[in-house]
Amino acid sequence: MIESSDFRLARLPLNHGAGQMPVLGFGTLIPDAAVTISATRDALEAGFRHFDCAERYRNEREVGTALQAGLAGGGVERADLFITTKLWNTNHRPERVGPAFEASLNRLGLDYLDLYLIHTPFAFQPGDEQDPRDQNGNVVYDRGVTLLDTWGAMESLVDGGRRRAIGLSDIGLERLLPLYESARIKPAVVQVEAHPYLPETELLEFCKEKGIVFLAFAPLGHGMKPGPLEDPVITAVAARVGKTPAQVLLAWAAQRGTALLTTPKSAARARENFDVSALPQDAFDEISRIETRQRFNEVVKTGSPGFIPRVAS
Ligand SMILES: NC(=O)c1ccc[n+]([C@@H]2O[C@H](COP(=O)([O-])OP(=O)(O)OC[C@H]3O[C@@H](n4cnc5c(N)ncnc54)[C@H](OP(=O)(O)O)[C@@H]3O)[C@@H](O)[C@H]2O)c1
């Protein structure tokens, strides 16, 4: 549990002394280039310090533009920021990991990363086509590389010092466990979908036991309707405590000891989604008792993402 009741400045320690991740993170999976820039700027102004990126989002350049402008404007130092990006499925071959990392860093305009994640445990056919398909439209997987091979290349880059921590995304316990056991450098972070309809309690317990930060994406259920934002328990708690449903869902995520990612696209929503503080214990418990179960993002099953920006890279 995070001790403070105000989550705005809360951070969770990463293993190996690799720094601290802000509990409230801004996700950059935004289809439009101009909106990426304005939303990233608004998030920075609202107080977000963790920016979650990915080569697959095809907008690292736009995120970098907004971050560089924020840094140049003063008031925020690079050391205050926590920047994450992710290795895409087509770059799992060990010899492709270093170049993919450098390309991301270049697009973001940074000289180091706080966290580099393997985006999904699924290796796709290596190459520049991010979504390789056969003539029947099926994903072309790469059977010539294991997750552990890729992890070994990730470890080597930590040794080089240009990214402070490494981790995984879209992974379940069945694949995380063997990797955790064989890894020389243990994963610092696991990023997965999590919200009251998909609490991932077993994975969260494992992460807590091993000192891995559990980073929840879709804490608002990707904004899907119907979904957690409209759940009667959430709306009733929101009315009772004088918060919005989004603030209640984000508070619940932080209060159970996870870091989280949210993607507000306007300045007002950025301020709303950053204004997160703990719920009364009875409200927290009531939300934890919600029994609806629903996964909104299937990426964890196939490695193929849902919605991806159509921006030239
Ligand atoms: N590892 C992975 O495979 C993976 C997959 C998906 C996402 N992610 C990461 O997670 C980040 C978070 O994505 P997410 O979809 O989970 O973001 P989210 O903030 O939980 O959900 C975004 C949706 O919620 C709506 N929303 C945001 N703030 C709201 C508020 N205050 N009130 C009402 N609705 C609100 C947005 O609506 P509007 O569009 O109208 O603003 C949008 O439809 C992504 O940007 C990405 O960095 C990772």
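Because only heavy atoms are used, hydrogens play no part in the values below, and waters and symmetry mates are left out as well, while side chains stay in. Atoms within a ligand are numbered from 1 in the order they appear, just like the ligands themselves. Computed from a prediction, not measured in an experiment: that's the story for all the values here.
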## Note on the structure
For Glu286 and Val233, the nearest pair of non-hydrogen atoms, with its separation, is OE2-CG1, 4.0 Å

### Query
Which ligand 1 atoms, with their elements, are less than 4.0 angstrom from a heavy-atom of Gly223?
21 (O), 23 (C), 24 (O), 43 (O)

### Query
Which atoms from ligand 1 have a heavy atom of Ala218 less than 4.0 Å away?
14 (P), 16 (O), 20 (O)

### Query
Taking only heavy atoms of Gln191, which atoms of ligand 1 are found under 4.0 Å from at least one of them?
1 (N), 2 (C), 4 (C), 8 (N), 9 (C), 48 (C)

### Query
Do the two ring centres, one from His119 and one from Phe124, sit under 6.0 Å apart?
no

#### Entry: Interfacing atoms of ligand 1 (cut-off 4.0 Å, heavy-atom, Gly27)
11 (C), 44 (C), 45 (O), 47 (O)

### Query
With distance as the sole test, does Asp275 use its side chain to make a donor-acceptor pair with the main-chain N or O of Glu272 at under 3.5 Å?
no

### Message
Just checking Phe51 against Phe82, ring centres under 6.0 Å apart?
### Response
no

### Query
Just wondering, do Tyr197 and Asp231 contact through their side chains at under 4.5 Å, heavy atoms?
yes

### Query
Looking at Asp52, which atoms of ligand 1 are within less than 4.0 Å of one of its heavy atoms?
9 (C), 46 (C), 47 (O)

### Task
Any atoms of ligand 1 less than 4.0 Å from a non-hydrogen atom of Arg269? List them with their elements.
26 (N), 28 (N), 29 (C), 30 (C), 31 (N), 32 (N), 33 (C), 34 (N), 35 (C), 36 (C), 37 (O), 38 (P), 40 (O), 41 (O)

### Message
Give the atom numbers and elements of ligand 1 that come within less than 4.0 Å of a heavy atom of Thr263.
### Response
11 (C), 12 (C), 13 (O), 17 (O), 18 (P), 19 (O), 44 (C), 45 (O)

### Message
Could you tell me, atom by atom, which parts of ligand 1 come under 4.0 Å of a heavy atom of Asp170?
### Response
1 (N), 2 (C), 3 (O)

### Task
Have a look at ligand 1 and work out which part of Leu229, if any, has a heavy atom under 4.0 Å from it: side chain, backbone, both or neither.
side chain

#### Entry: Option set His222, His195, Glu193, criterion heavy-atom distance to atom 14 (P) of ligand 1, minimum
His222

### Task
Measure Thr120 to ligand 1 on non-hydrogen atoms and call it side chain, backbone, both or neither using the 4.0 Å cut-off.
neither

### Leu29 N/O under 3.5 Å from ligand 1 N/O
yes

### Task
Might you work through the side chain to side chain contact (heavy atoms under 4.5 Å, CB included) test for Arg56 and Arg58, ending with a clear yes or no?
CA-CA 5 Å; Arg56 186 66 172 106; Arg58 297 179 183 156; 3.0 Å; yes

### Message
Can you tell me if Asn297 contacts ligand 1 (heavy atom of the residue under 4.0 Å from the ligand)?
### Response
yes

### Summary
Interatomic distance, CE@Met154 vs CG@Leu117, rounded to 0.5 Å, equals 6.5 Å

### Query
Given Phe26, Phe296, Phe217, which one has a non-hydrogen atom that is nearest to atom 5 (C) of ligand 1?
Phe217

### Message
Tell me the contacting part of Pro219 for ligand 1: side chain, backbone, both, or neither, using a 4.0 Å heavy-atom threshold, strictly below.
### Response
both

### Query
Hey, does Leu220 come in under 3.5 Å of ligand 1, counting only N/O atoms on both sides?
yes

#### Entry: N-O pairing of Arg295 and Glu200 below 4.0 Å
yes

### Query
What closest approach, in Å, do Tyr112 and Asp114 show between heavy atoms, and which atom pair accounts for it?
CE1-OD1, 3.7 Å

### Message
What I want to check is whether the side chains of Asp142 and His92 have a donor and an acceptor closer together than 3.5 Å.
### Response
no

